[in-house]
Amino acid sequence: MQRNHNHTTIVTIEKVIDETPTVRTLVFSDDLMSNVLPGQFAMVWIPGINELPMSVMISNEPGKAAFTVRKHGPASTGLFNIKEGQQIGIRGPYGNSFDLKKGKLLLVGGGTGLVPMMRLLSFVKPTDDVTVLIGAKSKDEVFFEDFANSMLEKNPHKVLVSTDDGSYGEKGFVTDLVEKLVNESHYDGVYVCGPEIMMYKTVQSAHSRGMFVQASLERMMKCGVGICGSCCVGEDLVCRDGTVFDGEHLSSNKEFGHFYRNKAGILEKY
Amino acid sequence: MQRNHNHTTIVTIEKVIDETPTVRTLVFSDDLMSNVLPGQFAMVWIPGINELPMSVMISNEPGKAAFTVRKHGPASTGLFNIKEGQQIGIRGPYGNSFDLKKGKLLLVGGGTGLVPMMRLLSFVKPTDDVTVLIGAKSKDEVFFEDFANSMLEKNPHKVLVSTDDGSYGEKGFVTDLVEKLVNESHYDGVYVCGPEIMMYKTVQSAHSRGMFVQASLERMMKCGVGICGSCCVGEDLVCRDGTVFDGEHLSSNKEFGHFYRNKAGILEKY
Amino acid sequence: MNQLLYSKLSSLFKVEPSLATSIGKIQLDKPMMLASGILGISLDVFNRLYRSGAGAVVTKSLSTEPWEGYPNPTIFSVKGGGWINAVGLSNPGATNFAKMIESNQTVPIVVSLVGSIPEDFEFMIKQFENCKVTAYELNLSCPHVAKVGLEVGDDPELVRKIVTTSKNSTDVPIIAKVGLGTTHYLNTVSTAIDSGIDAITAINTVRAMAIDVETQRPILSNKFGGLSGTPIKPIALRCVYEISSKYDIPIIGCGGVSTWEDAVEFFLAGASAIQLGSAIGDNWIDVFGEINNGILEYMKRKNYSSIKDMVGLAKKS
Amino acid sequence: MNQLLYSKLSSLFKVEPSLATSIGKIQLDKPMMLASGILGISLDVFNRLYRSGAGAVVTKSLSTEPWEGYPNPTIFSVKGGGWINAVGLSNPGATNFAKMIESNQTVPIVVSLVGSIPEDFEFMIKQFENCKVTAYELNLSCPHVAKVGLEVGDDPELVRKIVTTSKNSTDVPIIAKVGLGTTHYLNTVSTAIDSGIDAITAINTVRAMAIDVETQRPILSNKFGGLSGTPIKPIALRCVYEISSKYDIPIIGCGGVSTWEDAVEFFLAGASAIQLGSAIGDNWIDVFGEINNGILEYMKRKNYSSIKDMVGLAKKS
Ligand SMILES: Cc1cc2nc3c(=O)[nH]c(=O)nc-3n(C[C@H](O)[C@H](O)[C@H](O)COP(=O)(O)OP(=O)(O)OC[C@H]3O[C@@H](n4cnc5c(N)ncnc54)[C@H](O)[C@@H]3O)c2cc1C
Ligand SMILES: Cc1cc2nc3c(=O)[nH]c(=O)nc-3n(C[C@H](O)[C@H](O)[C@H](O)COP(=O)(O)OP(=O)(O)OC[C@H]3O[C@@H](n4cnc5c(N)ncnc54)[C@H](O)[C@@H]3O)c2cc1C
Ligand SMILES: Cc1cc2nc3c(=O)[nH]c(=O)nc-3n(C[C@H](O)[C@H](O)[C@H](O)COP(=O)(O)O)c2cc1C
Ligand SMILES: Cc1cc2nc3c(=O)[nH]c(=O)nc-3n(C[C@H](O)[C@H](O)[C@H](O)COP(=O)(O)O)c2cc1C
Ligand code: FES
Ligand code: FES
């Protein structure tokens, strides 16, 4: 019988990789999750602690998938602290995925927003010319740089890093780098995932120049299936209509880039 | 989506055929029911009246099936009185089916017990030598004689009728005729459906001579799916293990031919 | 009029059936409503649901203050179908919410309220003075939050006071939403009717739970939650039938509706309108349009010109 | 003993897990029981079920006199899974039934009884004096027959008298079967415990109905019936968890069990044994063997030597 993706499945963490002092990748075996599309996410149950939406990270090994989690509040810290051999529950995959164009591509990721970008890289054609921008606060928060390079071995490509404090790569916000690049040349597709303000500026930069741009949004999620309403952005439900939205669509959404809803559902300013 | 055979489906009666003053055939369209195996039955809901187990009768037209009902108590009379254009509910098919042998075959039917026999006829090979025995109380209770003959056009065959009062065909009980026939020659398969005493004697006659014999049993039925228990005969549940049982199996069943259970589940003698 | 004659006449005049319905004084263009707690926190989403064919939307149950609700997991998908949720009535609070919907002129909004004492309801209704509210729905039946919901619905004296106070606070129709609690829900219905309620919504979720066999823990953070969706449909239908057989009160059926057949079953049992929630998790928002179309086809086939032609028909047999 | 050490030891000694369980004084070789009303009218069938892996069989609920039950349709298959039945407690009566099982020495038989007054139960228990009876189960929870079942279970004074009288009539353990009625089932549990009951079975079917949209009639001849099978599992599980959290009484879980995972969920919630019925309609009698095997595999994997190792584990978290 085929697995209903809404039913919680228990998986065992087989490997834990430290990416930075606050970011870890947890690898597990699951056919369904190993084949998700870039932009899709899972609801991840940390037994006794919480359940969180997590983008599904790729793994080099077939039949395996991973989550790359940044230690933040109690829930993500709970996941961060899961040891090899421990069990978590997963359901999904949920959400739509990126529409991958051909040609000159720009991928922009900040923090764990790089996760869907890494999976997107696994779909690019050898003929695509790919630029990956990695934004971080400082040097020790940079990760997936090598991973991105290794995935693009066969492509004409660049992997650029910018840090807010200049401790590694270019100094400044990654969105300044985006603005510079889209000003210099046309991209056939721009893809971004990271902090909302970073996505907002990237979308603006690309969309205002008529480029095809997509962002993978994050919102408070409870159900993941479009019934609880907690993930709404304007009239869109991120879990079901997204997570990926076109720049065209986003530029008419009054909440994107400006407001999010807290756990009580009250609109708050970013 | 495939229909779950347990879900009640509403069908409209398209044609009503008077077989005898007390027996009618009601024809309706239903793919699932048009393809059932001989021996299988449906639970038939007469809205506002009752629900009854009914063998599924064949129809000449593709995609159609029928019930042939004898007017008896209130429930069967309710079905008997259904007019063209009226609706009934059906679920099923339920039960197993006859194991049709090749060669010289003997089919014995009494009353509406002829229904599974008619469907069985639609499966015989042109090379089979088929004898059909029809038992009835008197001349005006005989039906399906022509139907049986027409179905066997291409076969070496005989259709014999016996009436208890001798008003048509041979005089006497059909089971006497069975005894005579199995005494005279070997049959590769003997199949019987009708009043229990008729089935009991037929099974005895054939089984005692080492012939392969099968009977399709009738018992009080409520669920049809093997949970209510009302159709049990010894350790067998007619709706689920049957309705068709081998003579071999039946000869070790202490209730077959002797006892049935009433609506309260009390064993009563035939 | 004779049924045969009627059907001949109506096929002559080709009466186009109307989906409009009335629940007592409440008039809706379409009979399918969004149930409380489902997608119900933003006016933009309400507008979208309305365009998709919902005749009205019920808001999340609002409290006097904002509530965060329970931590995740708050929703569990049951193997046999349906969901168990313990969202914990998270909501922005009546005051914030009223501001959010002030600008609404288009969507028929039913404001769901939850509270512990009559004054809570009085206060909340006041917050909506400047809003176009189609009706209030008093949630007397949430099965998994202490001090409100069922703990209120199971106390007849409190029900009486809450309904009376709410009725005195506004001219807008007031609906009581009941469910299976620890006392007989028909007593709650009866008390609510005696206290002047305008309509009944039946039912809310049914208290339930799920345990993971590998980690050996209840899955929901609150342990207990409310079962919704297909599993509760036969139970909800029986409640609607029981209420409509016993009382003369407009009823909104709720619980496990996901197809037009389900909706028609509820009409036949005595409901004048229907709420759904869980079905959205399976069929997404299109479910409203699909069910509306199915009902229309059915009405054409049966020669009904309006929803009320079929309300309660199953009680005649 | 430390869990790690234990699992090391047990893998050394290869402890073969045992399916035996005890429900208070009731000892069973296997924890899966046939629920009342299912296939339960003949000793031959009981023997067959026992051979198929049922640890015990519960008879149909017996009354003082034979009952024919309701006319068909008595069973309806729900689109979303499960069944609604209104068999109407058809049964041959206690006296006839006792004769039928007199010869039994092999199968652990639990005799289910239904009645309106304490004397009914006293009379019926007397009929079984010459039979080997493993336990009696008092059906205080049939949701669709007047004057018995839930109408009894919802009356605490009557429950007290019935349990007391029954306990005084025999030394055989007595189980009370509860369900969702019009009062709080936990009150029934509490009264039954106070009156000396030996164990609780939870739950019975949940009152429900189905209407056919074409013919516009309730389908069951009795209109209302009881919902069983997968739809009620999350409700039954919550009841078992609630009872085991509140009272120190052996529990038999019942409602919607169809896989070994379901069974284990009930053990973790606090049940010492499990009854099933509806699953037979889908998976036939093999379901007992399949579930037993699944439980054994699970016990091996988790290093449990007996069922009681896992009873109630979900309450620890
Ligand atoms: C589609 C999607 C994909 C995500 N992918 C990743 C990923 O790959 N790696 C990663 O580290 N993080 C990811 N996140 C973010 C993650 O779900 C958490 O929001 C984050 O880890 C902080 O959680 P916390 O509870 O520890 O923090 P808290 O301190 O408890 O909360 C901080 C903030 O996190 C947000 N948050 C908390 N709970 C949730 C929730 N259930 N849903 C959404 N936001 C929540 C809220 O804005 C909250 O105010 C993703 C979020 C979404 C929506
Ligand atoms: C597998 C099977 C196939 C059948 N096929 C046919 C058929 O093709 N044509 C036909 O006319 N009849 C058929 N019957 C018999 C039919 O179901 C009824 O038993 C019969 O019509 C008399 O019903 P009644 O209620 O009108 O009679 P009543 O006078 O009410 O009852 C007379 C007797 O009929 C039997 N009976 C009543 N209800 C049921 C029931 N629900 N299930 C089984 N027996 C019942 C009982 O022995 C009862 O004592 C079949 C029965 C079974 C079990
Ligand atoms: C996620 C979720 C949240 C809910 N929140 C509320 C609520 O706030 N107030 C309320 O009265 N009912 C609430 N309910 C119950 C629904 O309104 C509805 O009564 C129930 O889900 C049955 O309908 P359904 O089967 O169509 O979902 C909620 C249900 C779900 C699934
Ligand atoms: C056809 C049928 C008949 C039943 N008859 C009885 C009965 O006589 N006495 C009783 O206590 N419960 C009766 N029940 C309820 C079952 O014993 C059981 O409590 C219920 O079906 C839930 O379990 P399940 O989901 O495994 O079927 C009956 C259930 C069904 C489906
Ligand atoms: S997370 Fe519940 S609607 Fe999106
Ligand atoms: S008819 Fe119910 S078990 Fe056979």
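Reckoned from all heavy atoms, side chains included, excluding hydrogens, waters and symmetry mates. Treat the numbers as computed from the prediction; the structure is a model and nothing was measured. To find a chain, count down the sequence lines: A is the first, B the second, and so on, and within it residues start at 1.
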Practice problem: Name the region of D:Ser221, side chain, backbone, both or neither, that has any atom closer than 4.5 Å to a heavy atom of chain B. | Solution: neither
Practice problem: State whether the side chain of B:Glu19 and the backbone N or O of B:Phe144 hold a donor-acceptor pair below 3.5 Å, judged by distance alone. | Solution: no
Quiz item: Given side chains that start at C-beta, do those of D:Leu227 and D:Ile84 come closer than 4.5 Å, heavy atoms only?
Solution: yes
Self-check item: pair B:Met221-B:Phe41: side-chain heavy atoms closer than 4.5 Å
Solution: yes
Quiz item: Using a cut-off of under 4.5 Å for heavy-atom pairs, which of D:Gly93, D:Ser278, D:Gly281, D:Gly277 has the most such pairs with chain B?
Solution: D:Gly281
Exercise. Identify which part of D:Phe76 has an atom lying under 4.5 Å from any heavy atom of chain B, answering side chain, backbone, both or neither.
Key: side chain
Quiz item: Are the side chain of D:Glu102 and the backbone N or O of D:Ala98 linked by a donor-acceptor pair below 3.5 Å?
Solution: no
Exercise. Provide the closest heavy-atom pair for B:Cys228 versus B:Lys222 in the form atom of the first, atom of the second, distance.
Key: SG-CB, 3.5 Å
Quiz item: Checking D:Lys132 side chain against D:Gln105 main chain: does a donor-acceptor pair fall under 3.5 Å?
Solution: yes
Quiz item: Any idea which heavy atoms bring D:Pro92 and D:Phe97 closest together, and the distance?
Solution: CG-CD1, 3.9 Å
Quiz item: Under 3.5 Å, side chain of B:Tyr191 to main-chain N/O of B:Asp99, donor-acceptor pair present?
Solution: yes
Quiz prompt | Any residue meeting salt bridge (Lys or Arg N to Asp or Glu O under 4.0 Å) with D:Lys233, in chain and number order, not counting sequence neighbours | solution = D:Asp262, D:Glu265
Exercise. Select one option (side chain, backbone, both, neither) describing which atoms of D:Trp284 are under 4.5 Å from chain B's heavy atoms.
Key: both
Practice problem: Mind listing the closest non-hydrogen atom pair of D:Ser36 and D:Glu137 along with its distance? | Solution: CB-OE1, 4.1 Å
Practice problem: For residues B:Arg119 and B:Asn35, report the shortest heavy-atom separation together with the two atoms involved. | Solution: NH1-C, 4.3 Å
Exercise. Name all pairs fulfilling the salt bridge (Lys or Arg N to Asp or Glu O under 4.0 Å) condition that reach into residues 52-73 of chain B, sequence neighbours left out, sorted by first residue then second.
Key: B:Glu14-B:Lys64, B:Lys15-B:Glu61, B:Glu61-B:Lys64, B:Arg70-B:Glu141
Self-check item: Side-chain donor-acceptor pair present, B:Asn6, D:Ser77, cut-off under 3.5 Å
Solution: no
Quiz item: Tell me, side chain or backbone of B:Cys232 under 4.5 Å from chain D's heavy atoms, or both, or neither?
Solution: side chain
Practice problem: Select one option (side chain, backbone, both, neither) describing which atoms of D:Ile219 are under 4.5 Å from chain B's heavy atoms. | Solution: both
Quiz prompt | Most contacts with chain B, counted as non-hydrogen pairs under 4.5 angstrom, among D:Thr215, D:Thr74, D:Val87 | solution = D:Thr215
Quiz item: chain D: which of B:Gly265, B:Gly89, B:Gly226 shares the most heavy-atom pairs with it under 4.5 Å?
Solution: B:Gly226
Quiz item: Do you know which of D:Ile41, D:Asn47, D:Asn96 has the most heavy-atom pairs under 4.5 Å to chain B?
Solution: D:Ile41
Quiz item: Under 3.5 Å, side chain of B:Ser59 to main-chain N/O of B:Ala66, donor-acceptor pair present?
Solution: no
Exercise. Sort B:Met43 into side chain, backbone, both or neither according to what part of it lies under 4.5 angstrom from a heavy atom of chain D.
Key: side chain
Practice problem: Pull out the residues in residues 62-70 of chain D that come under 4.5 Å of chain B, heavy atom to heavy atom, sorted by number. | Solution: D:Pro66, D:Trp67, D:Glu68
Quiz item: With only heavy atoms counted, which part of B:Leu267 is less than 4.5 Å from chain D, the side chain, the backbone, both or neither?
Solution: neither
Quiz item: Most heavy-atom pairs under 4.5 angstrom with chain B, which of D:Asp212, D:Leu34, D:Leu43, D:Leu49?
Solution: D:Asp212
Quiz item: Looking at B:Glu218, B:Arg219, B:Lys201, which hits side-chain contact (heavy atoms from CB on, under 4.5 Å) with B:Glu196?
Solution: B:Arg219
Quiz prompt | Interface moiety of D:Val78 toward chain B, non-hydrogen atoms closer than 4.5 Å | solution = backbone
Self-check item: Part of B:Asp236 within contact of chain D (heavy atom distance under 4.5 Å)
Solution: both
Practice problem: Using a heavy-atom cutoff of under 4.5 Å, enumerate the residues of residues 240-260 of chain B that contact chain D, numbered in order, or state 'none'. | Solution: B:Arg240, B:Asp241, B:Glu255
Quiz item: If you draw a 6.0 Å radius around CG in B:Asn262, do more than 12 non-hydrogen atoms from other residues or ligands fall strictly inside?
Solution: yes
